[in-house]
Each structure stands twice: as structure tokens, then as C-alpha cells.
Engineer: 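Pasting a structure below so you can have a look.
Labels below follow one simple rule: chain letters A, B, ... track the order of the sequence lines, proteins then strands, and each chain is numbered from 1.
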2 protein chains.
Amino acid sequence: MSTTPQATPRRATITDVAREAGTGKTSISRYLNGEMSVLSPELRARIEAAIARLDYQPNQMARGLKRGRNRLIGMLLADLTNPYTVEVLQGVEAACHALGLMPLICHAANEVEMERRYLQLLTTYRVEGVIVNALGVREETLRPVGGGGIPAVLVDRLVDGLVADMVGLDNRAAAELGTRHLLDNGFDDIWFVVQPFEQVSSRQLREAAFREAMRAHAGRAGTRGEKAAARGHTLVLNLADAGEVERSLAELDRAIDAAAHAREAAGATGKAARVALFAANAPVALRLALHLKARYGADWQARAALLSIDDPDWAELTGVTTIRQPTYEIGYRAVEFLHERIEGVQTTARDCLLPGELIVRASTLR
Amino acid sequence: MSTTPQATPRRATITDVAREAGTGKTSISRYLNGEMSVLSPELRARIEAAIARLDYQPNQMARGLKRGRNRLIGMLLADLTNPYTVEVLQGVEAACHALGLMPLICHAANEVEMERRYLQLLTTYRVEGVIVNALGVREETLRPVGGGGIPAVLVDRLVDGLVADMVGLDNRAAAELGTRHLLDNGFDDIWFVVQPFEQVSSRQLREAAFREAMRAHAGRAGTRGEKAAARGHTLVLNLADAGEVERSLAELDRAIDAAAHAREAAGATGKAARVALFAANAPVALRLALHLKARYGADWQARAALLSIDDPDWAELTGVTTIRQPTYEIGYRAVEFLHERIEGVQTTARDCLLPGELIVRASTLR
DNA sequence: CTGTTAGCGCGTTCAC
DNA sequence: GTGAACGCGCTAACAG
């Protein structure tokens, strides 16, 4: 056995097979495309033998060139670091597998310029469609895609001015579900923490639904006069900017400390505010948890409850309540949508909103 | 603005551009390939204009067909669920980007059959090389690759009988580093917990190095007669089989409980064994942590120390000591190796072993 | 049932 | 400098 990896020998082509089988290329092509009814059993056997002998495998590139479709689709990912993305990817892989598609995965790593370049690259490979988990930037970046270009399906978030199918979480319902859970469990000082959301529709929707739910609750409380209205705050945590993160966290710290003081003053049975943090997604939740742990030590959960949209594996470990997204299904459905478009479906742009599942853990039960 | 995504209009070809620019295809091709010195400035300008007007983008497929190389490489992943994999992927993406390669990501999801099919699919797309984070099965699965087939680079683990470059963690050094750390911190009942390792070289090496380090320590202790030899155990945790997992964890529980009883009997100052768990990778560590937490509650770390190879994001949060792999670099180097092979480098198969970094956290400091 | 022919979009001689 | 012609591996008419 040699220890030197060898150079690739030339692969057999359809012509080689035809010669080896003593026939023409057409018959081979037919065999490859499963048109068995048009081949004599005898010829078929010869072809099979020749293919096996030469270890022949059809060249998808040439195939694609000829028939104008190569079964390639692009998958543009904003951030692989987010477990959400990886989970969606699983669904995408599975669906592609089932539908005979091959996904080209591109990771923009939160860089707009990367996103642009990858998109261009994908069109260059003539992918038949694209699934986009966009960074949420301007529509012009996605020019080659959607409306006038190749079919596209958006995942998790919309892109302004881009007409395309979308599949993702039912953000309104999810944020309301979480907020209600916190209110029902007696938290009356709730901080919705979210990354900058001007550009990202899903974050916008979550934040808006949170405020809406708080307002609705205040309305009910006011009418029935049962208790003081709970307070809701939105805190922006720009994970891309360490300085901003520091400032935001400092604001949070003050609120938490204030609540702690109030609690002491009121005594164990007092009516002090109970603080809860509602993280808009897993990366935010992780950042919050790390900060609280660094500041308050192992017992940080006694200071503030944490609820997160997304269900990272460490949530179970730390007892954090979450709202699980149907990530696998999101990925799967996205591919199905795209496949339909590729096959020529012409309906108006569709939205597929899937429900989240509340997973209650110790963090929000006191 | 229409709300109906439109079908793809035919894309411009090189012929269209030639006609639009009033010239032949050859000149366009030369322009695309940067042979500017052979084009009159005037023609060049016309070509540029035509390309812009038609929004022309060369077809990589046709290109690849003609020149016999398409700049595609395959990336075969055993398990995206493992954060290690995702991190390696980041390095791969970056290197591909830098080298003008396009990675086709394939996720085998721990299924051997998937691995085989994807490999076949990749050759069908005529990828110029493959990076393989194999499931660690028989070499025959990887027949089309390595030695006689297309260039391949192995990541993290070797495959029996497959001659190819490899890049991964220096497993011997890492396992020894971890073991020594535990011994130095007074743990004398150490359980190395690992998934079935007959098929996976990296797990084998880690386990062997662990036992070796324990033996070496026993030798030193014996010679100097300072203290009783520490005990080392290897526990196999087959994450794919819930029943086996239960049994293995039960064994662990007995050991932990025994140590606790001994501790009580000996009193706070006694010489009872200190139990430490050395997880061979992050999935194992997570499983262990979840189990311990379920069994002993939030204070599970008082029962046993946990040290893991791999540094998942929850390690910092829970204070678990880890040995961080240089994952990004592993991915990057793998692509570099592959690129060299693609360019024709013919040296004997190389191994690139990168060092792990010990990150000490509260878990192993008592 | 089977083989021949003509491109798919592009790169590459090789003449002009 | 420039363009016509050929072929990459394959499929799709079109004949036989």
C-alpha cells in the first residue's frame, strides 16, 4: 500500500461506457434516466456490466448544462453560531434529500458583504432556487433573487420589498405566550431583551407582541382593579458591539439591584417587584445568563427569572424556561415551498407561520 | 409591485454578450479571464458595458465542464449537532473563501448510509476534493476517495486503510493534559467517559492517553510512596442507545454515591476519594451534566467534578473545565491541505496535530 | 427498440 | 488584436 495519495485518474464518461458496451451514447443516457421500457433486456445487461466495470458515474454538471437544471439550491445562512440555524439546517438537509435536491450551504457570518458575494456566487452556479435566512438588510442586496430572479424562500424573517414565500415562527403568538406565562407566574417587572430590530422583521414582531401583551394585561388589571399594572421594558442588546452591551447590561443591573433592595425593605412577604428577563432569542439569552452568572455567581437565577425564545441545549441544564421553535419543520417546509416554486407554482407569495412550544422550567416558577 | 414571485427569465449567455458588444465569444472569454493585455481598451469598454447592460454572469457549470475543474469541494460532516463540527465549519468556510473554493456541505447525521450516498453524490458533481469528518466506518465506504480517487483530507479522525492527509487535535497531549490537571488537583477517582471508540481513532487515542497518564502517575506515586495510587476507569457511553446509556450512568451513580458515603464516614477532613468525570467530548459532557443535574439537583457539581474535551458555550455558564480545540484552525488547515493536493502536491500523507488549550473553571477547583 | 445528430455555455487552439 | 470552429459530457429530437 502506497503512502502517497495519488492524483485523480480520469473518470469514465458516457462515451467510454458506450464503447465498452458496444452501443451508442443515447442508450446509455436512456438507461441512466430510467427509460428501461425502451431497452432490450440484453442491451440493458451489457450497459449495466459496462457501467460496473468502468465504475461510471454520470457527470451532474454536464447534465445540468444540457437540461437547464442541476438540482442545486442555495442556502444562505446569517449565523451558524446560532443553534437555531443549525437546527433549521437539519430540516433543510432532510427535505433536500427527500426531493433529490443538493443544498449549497453558504455562511455569511453576520457580514453583509459576505451575504452579497455568496448570493452572486450562487447565481453563478445556476442554483435553481435559494433559501435565505437573511441578515435583514436592504432588498437591493437580494436583487438577483426573488421577484425577477431565481425563486427564493425566506426563513425566519422578511426582507423589505422582496416578494417571496416565507416560513418561520409565529412570532406574535410566541411572544404573547411567553409574556402571558411570566405575568401568570406573578412577574411584574419584565424586560424584553432583543438585538437591534429595525432591520429584522422577526425581532420587530416579537418586541411589538410583547408590548401589546403587556398593554392588554394592564388593561385587564386596571378594569378589575386587582393589582398594580406590571411594568414592561424593552432593552436592546447589540451583541456586535461590546461597549453597547456593557451599557445595556448596566441598565439591567440597576433594575435588578433595585428590585433586590425593595425586596429586602419589604421583607420576605413583601410586595416587591419580581424581575423577569425575556430574551428574544438564544444568543441574547446566553449573553444574559453569562453576565448574570459573572455578576451574581452560581445563584444568579434567584435574582431574575429568564425566559428565552429558542431552546438551546443548555436551557435544560440550567433550568431556563424556553419557547421552542419548530426548527426542523421550518427548514423542511422552506425546501418544500422552494421546490414547488422551482416546479413552476405561481401562486401569490405565501407565509407559513408555525407555532412555538412553551417549555416551562424552574427559572420562571418560584 | 406584484405579489406573485415570477418565473426565472433566461439568463444572458456569453453569446448574448458577444452579440450585444458586437464582437465574438472569444473576446468575452478573454475579458472574463482577465487577459486584459490582449484587448484593445475600446473593445474592453464595449464588453464591460454589454456585461453590465445584460447583467451577465458566467456559468460556472459550463466553465467547469470545459476546463475540467469547477472549484467545488465536498465537506462531509458526521454530526452537525456537535458544536465542534460547526466551529470547524467556520474555518472551512473562511479558507474556501480565501482560496476561491466553494464547499458543498453534506450532513450524514450519524448515519453510515447517508455518508455513503453523499460521497457518491459528491463525486457525481465532480468535486475536486473532499474534506471528511467520517463516521469512522470501514474504508470501503470511502472507496471513491483518497488513495485512488479524488483528493481527500480527514478531519479529527483517521479511517483504517485510507491514505490521506489528516488534521485534528493532538489527542494524546490533550488527554494527558486533562488527566494531569485532575490529578494535580487532588482527584483520585477519575472516570474517563467516552462514546464507543473501536471505530473512531480520536476517541481511541484519548482513552489510551488517559490510561497511560494514570499509569504514569501510579508509577510516580508508588516510587515516592507519597499517597495511594489514584484510580482510573473508562466508561463507555453509547449515546445512540438509550438503554446502554442508562446502564452506564447507573454504574457511574454507584461510584459517586459510594464516594459520598465514604466522605460522610470519614468526616469533612477525611481521606475519601474525590470523583472526577473526564468527558471525551462535548456531547458526552452534556449528557453527563444533564444526568447529574436530574439526579442530584442544581448542586450536582458538588458530587463530581467535570472536565471535557471541547468547549461548548454552556461550559462557561456552568463553570465546567474544558480543553478547547483549535477548531477554526483545524477547518482552515484542512482546506489548505486539500487545496495543495488539488494543485498537485504529491508528498506522502501528512498529519497535522494541533494542541488543545486547558481552560480551568470552578468545576475542577475545590 | 436503437443509433445519429445537434446543441447546452463556455474555453481554447489556430488561423486571420 | 480578433473571431471561427471544435469539443467538454450529456440529453433531446429525429430518423431508422
Side-chain angles (χ1 to χ4, degrees), chain A residues 8-48 50-51 54-72 100 123-128 150, chain B residues 8-48 50-51 54-72 121 123-128 150:
Chain A
T8 310
R10 205 183 66 77
R11 293 206 68 101
T13 76
I14 201 174
T15 310
D16 299 329
V17 179
R19 192 178 339 101
E20 180 79 13
T23 177
K25 302 194 294 181
T26 310
S27 298
I28 313 297
S29 175
R30 287 185 177 130
Y31 175 86
L32 295 177
N33 291 301
E35 302 172 33
M36 297 309 184
S37 54
V38 219
L39 292 176
S40 66
E42 194 269 336
L43 214 206
R44 194 159 128 190
R46 264 160 49 212
I47 293 180
E48 245 155 35
I51 287 183
L54 268 40
D55 188 27
Y56 167 73
Q57 294 184 240
N59 184 328
Q60 289 294 348
M61 297 302 169
R63 274 186 157 191
L65 186 57
K66 180 62 188 168
R67 20 161 88 142
R69 47 189 318 188
N70 52 23
R71 316 274 59 197
L72 255 29
T123 71
T124 250
Y125 277 101
R126 295 296 187 271
V127 293
E128 298 184 41
I150 57 184
Chain B
T8 311
R10 206 182 66 78
R11 293 208 68 100
T13 76
I14 201 174
T15 310
D16 299 329
V17 179
R19 192 179 336 102
E20 181 80 11
T23 177
K25 300 193 298 180
T26 314
S27 299
I28 313 297
S29 175
R30 286 184 178 133
Y31 175 86
L32 294 177
N33 292 301
E35 302 171 34
M36 298 308 184
S37 55
V38 215
L39 294 174
S40 65
E42 194 267 339
L43 214 206
R44 195 159 129 189
R46 267 162 44 215
I47 293 179
E48 245 154 34
I51 287 182
L54 267 40
D55 187 27
Y56 166 74
Q57 293 184 242
N59 183 328
Q60 287 295 346
M61 295 304 168
R63 263 181 169 201
L65 188 57
K66 182 62 190 166
R67 13 162 96 144
R69 44 189 321 185
N70 51 22
R71 314 273 61 196
L72 254 31
L121 205 53
T123 71
T124 250
Y125 277 102
R126 295 297 187 270
V127 293
E128 299 184 40
I150 57 183

Engineer: Just list the side-chain donor-acceptor pairs under 3.5 Å for residues 35-42 of chain A, sequence neighbours left out, or say none.
Structural biologist:
from: A/S40; atom 1: OG; to: A/L43; atom 2: N; distance (Å): 3.2
from: A/E42; atom 1: OE1; to: A/R46; atom 2: NH1; distance (Å): 2.9
from: A/E42; atom 1: OE2; to: A/R46; atom 2: NH1; distance (Å): 3.3

Engineer: Going by heavy atoms in the side chains, are B/T13 and B/K25 under 4.5 Å from each other?
Structural biologist: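 They are not in side-chain contact.
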Engineer: Starting at atom CE of B/M61, determine the distance to atom P of D/dC10, rounded to an integer number of angstrom.
Structural biologist: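 Roughly 15 Å, once rounded to whole Å.
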Engineer: From A/I28 CD1 over to A/Y56 OH, what is the distance, rounded to the nearest 0.5 angstrom?
Structural biologist: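 That separation rounds to 8.0 Å.
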Engineer: Quick one: does B/E128's side chain have a donor or acceptor within less than 3.5 Å of a partner on B/N70's backbone?
Structural biologist: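 Checking the backbone N and O of B/N70 against the side chain of B/E128, a donor-acceptor pair under 3.5 Å is found.
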Engineer: With a strict under 4.0 Å distance from non-hydrogen atoms of chain B, what nucleotide opens and what nucleotide closes the contacted stretch of DNA chain C, reading 5' to 3'?
Structural biologist: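 Nucleotide range with atoms under 4.0 Å of chain B: C/dG9 to C/dC14.
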Engineer: Quantified as the angle between the terminal helix axes (five pairs each), what is the overall bend of the helix from C/dC1-D/dG16 to C/dC16-D/dG1 to 10 degrees?
Structural biologist: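 The angle, to the nearest 10 degrees, is 40°.
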Engineer: Please round to the nearest 0.5 Å and tell me the distance separating atom OG1 of A/T15 and atom CD of A/E20.
Structural biologist: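 Atom-to-atom, A/T15:OG1 and A/E20:CD are 13.0 Å apart.
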Engineer: Find out whether A/V17 and A/Y31 are in side-chain contact, i.e. whether some heavy atom of one side chain is under 4.5 Å from a heavy atom of the other.
Structural biologist: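 Answer no - side chains too far apart.
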Engineer: Can you pull out the residues from residues 28-48 of chain A that lie within a 4.0 Å heavy-atom distance of DNA chain D?
Structural biologist: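 Within residues 28-48 of chain A, the residues near DNA chain D are A/S29, A/R30, A/N33.
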Engineer: First locate atom CZ of B/R44, then atom CZ of B/R30, and finally report the distance between them rounded to the nearest 0.5 Å.
Structural biologist: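 The distance works out to 14.5 Å.
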Engineer: Looking at every non-hydrogen atom in both residues, tell me the closest pair between B/D16 and B/R11 and how far apart they are.
Structural biologist: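 Heavy atoms of B/D16 and B/R11 come nearest at OD2-O, 4.1 Å.
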Engineer: With side chain to side chain contact (heavy atoms under 4.5 Å, CB included) as the test, would you mind laying out the steps for B/K66 and A/L65 before giving the verdict?
Structural biologist: CA-CA 11 Å; B/K66 182 62 190 166; A/L65 186 57; over 6 Å; no
Engineer: Quick one: OG1 on B/T124 to CE on A/M61, what's the gap to the nearest 0.5 Å?
Structural biologist: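 So the OG1 of B/T124 and the CE of A/M61 are separated by 9.5 Å.
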Engineer: Kindly give the atom pairs (protein nitrogen or oxygen, nucleotide nitrogen or oxygen) under 3.5 Å for nucleotides 7-9 of chain D.
Structural biologist:
from: D/dG7; atom 1: N2; to: B/K66; atom 2: NZ; distance (Å): 3.3
from: D/dG7; atom 1: N3; to: B/K66; atom 2: NZ; distance (Å): 3.4

Engineer: Working to the nearest 0.5 angstrom, can you tell me the gap between B/S29 OG and B/I14 CD1?
Structural biologist: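 Reported to 0.5 Å precision, the distance equals 5.0 Å.
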Engineer: Checking all strands, does B/T26 fall into the base, sugar-phosphate, or nothing category for heavy-atom contacts under 4.0 angstrom?
Structural biologist: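 Base contact.
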Engineer: So how far is it from B/N59 CG to A/T123 OG1, rounded to the nearest 0.5 Å?
Structural biologist: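 B/N59 CG to A/T123 OG1: 10.0 Å, rounded to 0.5 Å.
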Engineer: Residues two or more places apart in sequence or in another chain: which of them pass salt bridge (charged side-chain N to carboxylate O under 4.0 Å, His left out) with A/R67?
Structural biologist: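 A/R67 satisfies salt bridge (charged side-chain N to carboxylate O under 4.0 Å, His left out) with no residue once adjacent residues are dropped.
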